[in-house]
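In this chain, residues are counted from 1 in sequence order. In this text, all values refer to a predicted model and were calculated from it rather than measured experimentally. Just so you know, these numbers use all the heavy atoms, side chains as well, and skip hydrogens, waters and symmetry mates.
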Amino acid sequence: MLDYFQILCGTALLLLTVYYYYTSTFHFWKNRGIPAPQPSIIFGNAKKTILMKLSMSEYLKEVYDEYKNEPVVGLYFRATPVLVVNDLDLIKDILIRDFSLFANRGVDTFPKVEPLSEHLFQIEADRWRPLRARLSPVFTSGKLKEMFPLIIECADHLEKYLDKIVEKNEPVECRDLAAKFTTDVIGSCAFGIDTNALSDEDSEFRRMGRKIFMPSARQLIRDTCRQFFPYVYKIFGHLVQPTDINEFFTKLVVDTMDYRVKHNVLRPDFVNLLMEIKKNPHNLENIELTDSLLTAQAFLFFVAGFETSSSTIGHTLYEMAQNPHIQDKLRQEIRETCTKNGGVLMYEQLKEMKYLDKVFRETLRKYPILPMLMRQAAVDYTFKGTKISIPKDTRVWIPAYAIHQNPDIYPNPDIFDPERFNDDVFSARHPMSYLPFGDGPRNCVGARFANIQSKIGLITILRHHRVEVCEKTTIPYQHDKRAFLLTLKGGILLKITKVAPMAS
């Protein structure tokens, strides 16, 4: 009898401990006079996203719409307090004016478990600052101009691939089509390797790209452990890692660097920059430049470069198919600009395509890749002009997708309208109302590369081809609730046909 009583007491104590662990912070926002929806045990306010009833983009928009008149709103991600900042002036303070106090993203990293996670996007400010300074030169105008012929070569491969697609006369998954192109571009511009993603369906680079983002049981276990049992994850997380991905990229970077040193090979790409950093660690003397850390930077270039640009190209084509008048106007500009140099696209001509730029920016307005920007307070902080105070280490989220969907900022936000980015209209809006690449010192380091890569892909596809909706096209847009990044459920399926040559 005593044994049963002891078991019962032990069980009750365990349940009370769990309850206390997951609810002990639930007074955090109330004590600070900050509005917050009622949290639930274990999930906090994240139940809808964790159980995949809403995507993160949809959920944050739901919160933003409910508390739109509040400058901030408090949430609990599980038991962790998170401040969602709605006010654009306060957002400017976080990203720009007081950036040094919010330089960290507040992303949990597990370097021993996830060796490729120590990259520029996630690492803490002390290592981020010097690494960013050394990596930024690869994205200057001069370096991008050197890379331009490499991207054009991949675009030529895309053109030939499109001819094969047209012959089949079947719906095309355009995000996957774009990912093959961007994988080839990243392979060339980052690693100096022909990945053959367009010509080879079983290309190892493309297979790795799919595996990184494809939902799986192992990924679900990994994400659940990382979120709910971080201390356990630190010890046993290596058991659920995609070791083949880690090994592939580490071997690729190390072998490529060794080969180039041995054969004195120079290329205007990312690996060459990593080699220079390893050879001359100026301002990085206090950072251990391991093969893993260097590979992590190349891994970020690969993942961010192929995934974000392919999604943006896919979303642009999705809108062009539904708005043929915009597509025709864009094609006209592309053709007129390209004919100026005998049909050969030049680096300088990208800036001439003003309408393409508006279409590109409107796509990122409607479909920003990340649902929110993440920061973490480095000190106790009181927002200027308010009584809103947060303690050191508080996590802060900026709901970029929700802001982009605010009808007070963008009337009829569901309508795709490139004219929103006419110079006079754009300049009249608050600078923090458009955040597809973030803002301030810790904005996306590869934004200009993504801009060029995406535009060349769109020019190649739309110059001689038309995209149209078909019976398999998902309309209206449905968020893939399993994906953290903004993704259309079921993929972007469109019909691609050839259009007549431009009349001389």
Query - Aromatic plane relationship, F426 with Y434 - under 30° parallel, 30 to 60° tilted, over 60° perpendicular - result: perpendicular
Requested in this report: Would you check if V303 and I186 make a side-chain contact, meaning some heavy-atom pair closer than 4.5 Å?
Outcome: no
Query raised in the report: How about E114 and Y233: does a side-chain donor come under 3.5 Å of a side-chain acceptor?
Result: yes
Query raised in the report: How long is the span from the CG atom in D194 to the SG atom in C154, to the nearest 0.5 Å?
Result: 7.5 Å
Query raised in the report: With a cut-off of 6.0 Å (strictly less than), are more than 12 heavy atoms of other residues, nucleotides or ligands near NZ of K495?
Result: no
Query - Closest non-hydrogen atom pair between A296 and E118, with its separation - result: CB-O, 3.6 Å
Report task. Can you measure from CD (Q376) to CZ (F102) and round to the nearest 0.5 angstrom? Result -> 10.0 Å
Query raised in the report: Going through the distances and angles, do T363 and T312 end up as a side-chain hydrogen bond (donor to acceptor under 3.5 Å, both in side chains)?
Result: CA-CA 7 Å; T363 298; T312 300; over 6 Å; no
Report task. Determine whether the aromatic ring centres of Y59 and W397 lie less than 6.0 Å apart. Result -> no
Query raised in the report: Within a reach of under 6.0 Å around CD of E419, are more than 12 heavy atoms found that belong to other residues, nucleotides or ligands?
Result: yes
Query raised in the report: Would the number of heavy atoms belonging to other residues, nucleotides or ligands and lying under 6.0 Å from NZ of K498 be above 12?
Result: yes
Query - I492 side chain reached by L317 side chain, heavy atoms, under 4.5 Å - result: no
Query - Test: D156 and K160 ion pair at under 4.0 Å - result: no
Requested in this report: Decide whether a cation-pi geometry holds between R448 and F437; the criteria are a distance under 6.0 Å from NZ or CZ to the six-membered ring centre and an angle within 45° of the ring axis.
Outcome: no
Query raised in the report: Salt bridge between K180 and D184, side-chain N to carboxylate O under 4.0 Å?
Result: no
Report task. Using the side-chain contact (heavy atoms from CB on, under 4.5 Å) rule, pick out the option among V85, N443, L435 that qualifies with L95. Result -> L435
Query raised in the report: Can Y161 and L177 be said to form a side-chain contact (heavy atoms from CB on, under 4.5 Å), step by step?
Result: CA-CA 9 Å; Y161 185 73; L177 165 67; 3.5 Å; yes
Query raised in the report: Which value, rounded to the nearest 0.5 Å, describes the distance between E62 atom CD and K48 atom NZ?
Result: 3.5 Å
Report task. Walk me through it: do E307 and R175 pass the test salt bridge (Lys or Arg N to Asp or Glu O under 4.0 Å)? Result -> CA-CA 9 Å; E307 174 63 22; R175 186 166 169 266; 2.3 Å; yes
Query raised in the report: After noting the C-alpha distance and the side-chain angles of K366 and H315, does the key distance pass the side-chain contact (heavy atoms from CB on, under 4.5 Å) rule?
Result: CA-CA 9 Å; K366 194 172 180 183; H315 282 134; over 6 Å; no
Query raised in the report: Taking all atoms of both residues into account, what is the closest heavy-atom pair of S310 and T182, and its distance?
Result: CB-OG1, 3.7 Å
Report summary line: Separation between CD1 (I96) and CG (D439), nearest 0.5 Å, reads 4.0 Å
Query raised in the report: Any Lys/Arg nitrogen of D328 or R331 sitting under 4.0 Å from an Asp/Glu carboxylate oxygen of the other?
Result: yes
Query - Salt-bridge criterion met for K351 and D357 (N-O under 4.0 Å) - result: no
Query raised in the report: Does the distance from a Lys or Arg side-chain N to an Asp or Glu carboxylate O, for D108 and K234, drop under 4.0 Å?
Result: no
Query raised in the report: Hey, is NZ on K472 packed in by over 12 heavy atoms from elsewhere, all under 6.0 Å?
Result: no
Report task. Grab the two heavy atoms, one from E58 and one from S55, that are nearest each other, plus how far apart they are. Result -> OE1-N, 2.9 Å
Query raised in the report: Tell me, do V172 and V467 make a side-chain contact under 4.5 Å, heavy atoms counted?
Result: no
Report task. State whether a side-chain donor-acceptor pair under 3.5 Å links S117 with T109. Result -> no
**Report entry** Check: K489 and T474 side chains under 4.5 Å, non-hydrogen atoms
**Finding:** no
Report task. Test side-chain contact (heavy atoms from CB on, under 4.5 Å) on I277 and Q297 and set out the steps. Result -> CA-CA 12 Å; I277 290 173; Q297 312 318 312; over 6 Å; no
Report task. Rounded to the nearest 0.5 Å, what's the gap from CG on L60 to CG on L75? Could you check? Result -> 7.0 Å
Query raised in the report: Do you see a donor-acceptor pair shorter than 3.5 Å between the side chains of Y355 and K329?
Result: no
Report task. Name the orientation class of the two ring planes belonging to Y347 and F148 (parallel below 30°, tilted from 30 to 60°, perpendicular beyond 60°). Result -> perpendicular
Query raised in the report: Testing Y401, Y477, F416 for ring pair (Phe, Tyr, Trp, His ring centres under 6.0 Å) with Y367, which one passes?
Result: Y477
Requested in this report: Compare every heavy atom of P115 with every heavy atom of S292, then report the nearest pair and how far apart it is.
Outcome: OG-O, 3.1 Å
**Report entry** Atom pair CG/CD1 of L158 and I152 - distance to nearest 0.5 Å
**Finding:** 11.0 Å
Query - Minimum heavy-atom distance V359-I326, with the two atoms named - result: CG2-CG2, 4.1 Å
Query - Any side-chain heavy-atom pair of L293 and R127 under 4.5 Å - result: yes
**Report entry** Heavy-atom closest contact (R206 atom, A179 atom, distance)
**Finding:** NH2-CB, 3.4 Å
**Report entry** Donor-acceptor side-chain pairing of E276 and N272 below 3.5 angstrom
**Finding:** yes
Query raised in the report: Honestly, is R365 close enough over Y410, meaning NZ or CZ under 6.0 Å from the six-membered ring centre and within 45° of the axis?
Result: yes
Report summary line: Partner of F270 under ring pair (Phe, Tyr, Trp, His ring centres under 6.0 Å), picked from F301, F302, F449, F191, is F301
Query raised in the report: Got a salt bridge between E204 and R207, using NZ or NE/NH1/NH2 to carboxylate O under 4.0 Å?
Result: yes
Report task. Establish, for the pair R105 and F121, whether the NZ or CZ atom is under 6.0 angstrom from the six-membered ring centre and no further than 45 degrees off its axis. Result -> yes
